[in-house]
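Remarks on the structure that follows.
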There are 2 protein chains.
Amino acid sequence: MDVIHSKLDRNNYRLTDQRKAILDVMLENQGSHLSAEEVLWEAKKKFPNIGIATVYRTLEKLANLDILHKSMFEGNKFRYELAEDDKHHHHHVVCLNCGQISEVSGDLLHELESKLEQQGYKIIDHELKFYGYCPACK
Amino acid sequence: MDVIHSKLDRNNYRLTDQRKAILDVMLENQGSHLSAEEVLWEAKKKFPNIGIATVYRTLEKLANLDILHKSMFEGNKFRYELAEDDKHHHHHVVCLNCGQISEVSGDLLHELESKLEQQGYKIIDHELKFYGYCPACK
DNA sequence: TATAATAATGATAATTATTATCATTATACA
DNA sequence: TGTATAATGATAATAATTATCATTATTATA
Ligand SMILES: [Mn+2]
Ligand SMILES: [Mn+2]
Ligand SMILES: [Zn+2]
Ligand SMILES: [Zn+2]
């Protein structure tokens, strides 16, 4: 939270009421992956006149600052969640039956990444999704 | 190729000239990741009257049969490539500078997957993308 | 073979998420 | 205070994908 504010400051990013509302929505919904429209409706509770364009603009900006993480699971729309630490995000398991998305903490990709770096790549980030069935659906 | 045909048969999937054209395009472009529109233009060389709707329908169907693999890298459009073996695909490295996409063969996710299966999940597939810089851009 | 049922196609309309435009409003700061 | 700049919201534009529907091709059947 302090980290976020200083990061915004560093990028001369004005913390308007609208942006505050959006950030609060994201902070209050850690663990879920919200679409722009879902963010809009939640933010409207805090700032009724907020428009969808502002939501898109803010989400995009926050994602570029790595304050949010942007990803897509099903349904051709991007979803956003608060990014815990800088880069190197957690992984996701997508249930092919109920659509539930679970978080996976462990990393375990270092081995692959260092192999790639030996081949001359510079790896900045990764995105890993598992598809299968959650315990309830299996 | 034989595998593909028998898979199509098994699903009573008529191999029309249009579908043959699309399949040929995919077979001739292994290693690259084509968008629906790119497939359309290539397929038009083989069957000039083919329409975009047929391309979308066919790509979708082939992806459902795991003959093609559908993924998105940059640019909000899906891309398709021939799926080598059944499920469990190779990984991708996306260069943040030039956009080049390289293939990564090794798997290395078994450890994570078995950990998840111990927790009650049934893992069918995974999708792993690395973001960073390719040797040329680094 | 002739005919009926079904599947596939292509043109194009509709949908949907996202981005661009632009006039208005808010904020910073000289 | 006045002026430059940034942010906003309404809405138009864009672009990928999906739906619709009349037409055509294929298969099954009498
Ligand atoms: Mn998550
Ligand atoms: Mn590939
Ligand atoms: Zn489930
Ligand atoms: Zn590169």
Side-chain angles (χ1 to χ4, degrees), chain A residues 4-5 7-25 33-65 67-81 99, chain B residues 4-5 7-25 33-65 67-81 99:
Chain A
I4 292 176
H5 282 192
K7 202 181 261 187
L8 295 176
D9 273 354
R10 243 180 295 132
N11 293 78
N12 0 308
Y13 187 79
R14 285 186 201 160
L15 196 49
T16 62
D17 290 344
Q18 291 92 329
R19 288 168 175 177
K20 216 173 299 177
I22 291 170
L23 258 179
D24 284 347
V25 167
H33 309 86
L34 304 177
S35 68
E37 209 166 354
E38 286 166 352
V39 173
L40 175 69
W41 292 118
E42 289 305 308
K44 267 187 180 301
K45 294 179 186 167
K46 298 165 191 289
F47 194 100
N49 288 339
I50 194 171
I52 186 70
T54 299
V55 171
Y56 271 108
R57 278 187 291 239
T58 303
L59 292 175
E60 195 61 25
K61 192 127 217 240
L62 293 175
N64 285 337
L65 295 176
I67 291 168
L68 299 184
H69 182 56
K70 179 183 182 182
S71 44
M72 185 184 292
F73 302 100
E74 296 289 305
N76 300 9
K77 69 179 74 167
F78 287 107
R79 297 185 164 273
Y80 302 83
E81 69 179 315
Chain B
I4 293 176
H5 282 192
K7 203 181 259 187
L8 295 177
D9 273 354
R10 242 180 294 132
N11 292 78
N12 1 308
Y13 187 79
R14 286 185 200 161
L15 197 48
T16 62
D17 290 344
Q18 290 92 329
R19 289 170 174 175
K20 215 173 300 175
I22 292 170
L23 257 179
D24 283 347
V25 167
H33 308 86
L34 303 177
S35 67
E37 210 167 351
E38 286 166 352
V39 173
L40 175 69
W41 294 118
E42 289 305 308
K44 267 186 181 302
K45 295 179 186 167
K46 298 166 192 290
F47 194 101
N49 289 338
I50 194 171
I52 186 70
T54 298
V55 171
Y56 272 107
R57 279 186 289 238
T58 304
L59 292 175
E60 195 61 26
K61 192 127 217 240
L62 293 175
N64 285 338
L65 296 177
I67 291 168
L68 300 183
H69 182 55
K70 179 183 182 182
S71 45
M72 185 184 291
F73 302 100
E74 295 290 304
N76 299 11
K77 69 179 74 167
F78 287 107
R79 295 184 166 274
Y80 302 82
E81 68 180 316

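Residue numbers start from 1 in every chain, and the chains themselves are labelled A, B, ... in the order their sequence lines are given, proteins ahead of strands.
Using a 4.5 Å heavy-atom threshold, the side chains of A:His33 and A:His69 count as separate. The side-chain heavy atoms of A:Glu38 and A:Arg79, taken from C-beta on, include a pair separated by under 4.5 Å. A heavy-atom distance below 4.5 Å is found between the side chains of A:Leu8 and A:Ile67.
Taking every heavy atom of both residues into account, A:Ala43 and A:Ala21 meet most closely at O-CB, 4.3 Å. Smallest separation of non-hydrogen atoms from A:Ser35 and A:Lys77: CB-CD, 3.7 Å. When all heavy atoms of A:Leu40 and A:Val55 are compared, the pair lying nearest together is CD1-CG2, 3.8 Å. When every heavy atom of A:Lys44 is checked against every heavy atom of A:Ile50, the shortest pair comes out as NZ-O, 3.2 Å. Closest non-hydrogen pair, A:Arg19 versus A:Thr58, comes out as CG-OG1, 3.8 Å.
The distance between atom CG of A:Leu34 and atom C1' of C:dT18, rounded to the nearest whole Å, is 17 Å. Here the C1' atom of nucleotide D:dT17 and the CG atom of B:Leu59 are 12 Å apart, to the nearest Å. Between A:Leu40 atom CG and C:dA17 atom P there is a gap of 12 Å when expressed in whole angstrom units. Residue A:Ile52 contributes atom CD1, which lies 15 Å from atom C1' of D:dA12 at whole-angstrom precision. In this structure, A:Asn76 places its CG atom 6 Å from P of D:dT18, rounding to the nearest Å. Going from atom CD of B:Glu74 over to atom P of C:dT19 covers 12 Å, rounded to whole Å. Counting to the nearest Å, the C1' atom of C:dT19 and the NZ atom of B:Lys77 are 15 Å from each other. If you take NZ of A:Lys61 and C1' of D:dA7, they are 10 Å apart, rounded to a whole angstrom.
Ionic pairing of B:Glu42 and B:Lys45 is present here: one or more N-O contacts between side-chain nitrogen and carboxylate oxygen are shorter than 4.0 angstrom.
Taking the C1' atoms of five terminal pairs at each end of the helix from C:dT1-D:dA30 to C:dA30-D:dT1, the two resulting helix axes are inclined by 20°, rounded to 10°.
Between D:dG9, D:dA16, C:dA17, one nucleotide has an atom nearer to the side chain of A:Tyr56 than all others, and that is C:dA17. The side chain of A:Thr54 lies closest to D:dT8 when the candidates are D:dT11, D:dT8, C:dT12. You'll find that the side chain of B:Ala53 is closest to C:dA11, out of D:dT17, D:dA10, C:dA11.
Both A:Arg57 and B:Glu60 sit near DNA chain D, but only A:Arg57 has its closest nucleotide nearer the 5' end.
Across residues 14-25 of chain A, A:Arg14, A:Thr16, A:Gln18, A:Arg19 each have a non-hydrogen atom less than 4.0 Å from an atom of DNA chain D (numbered order).
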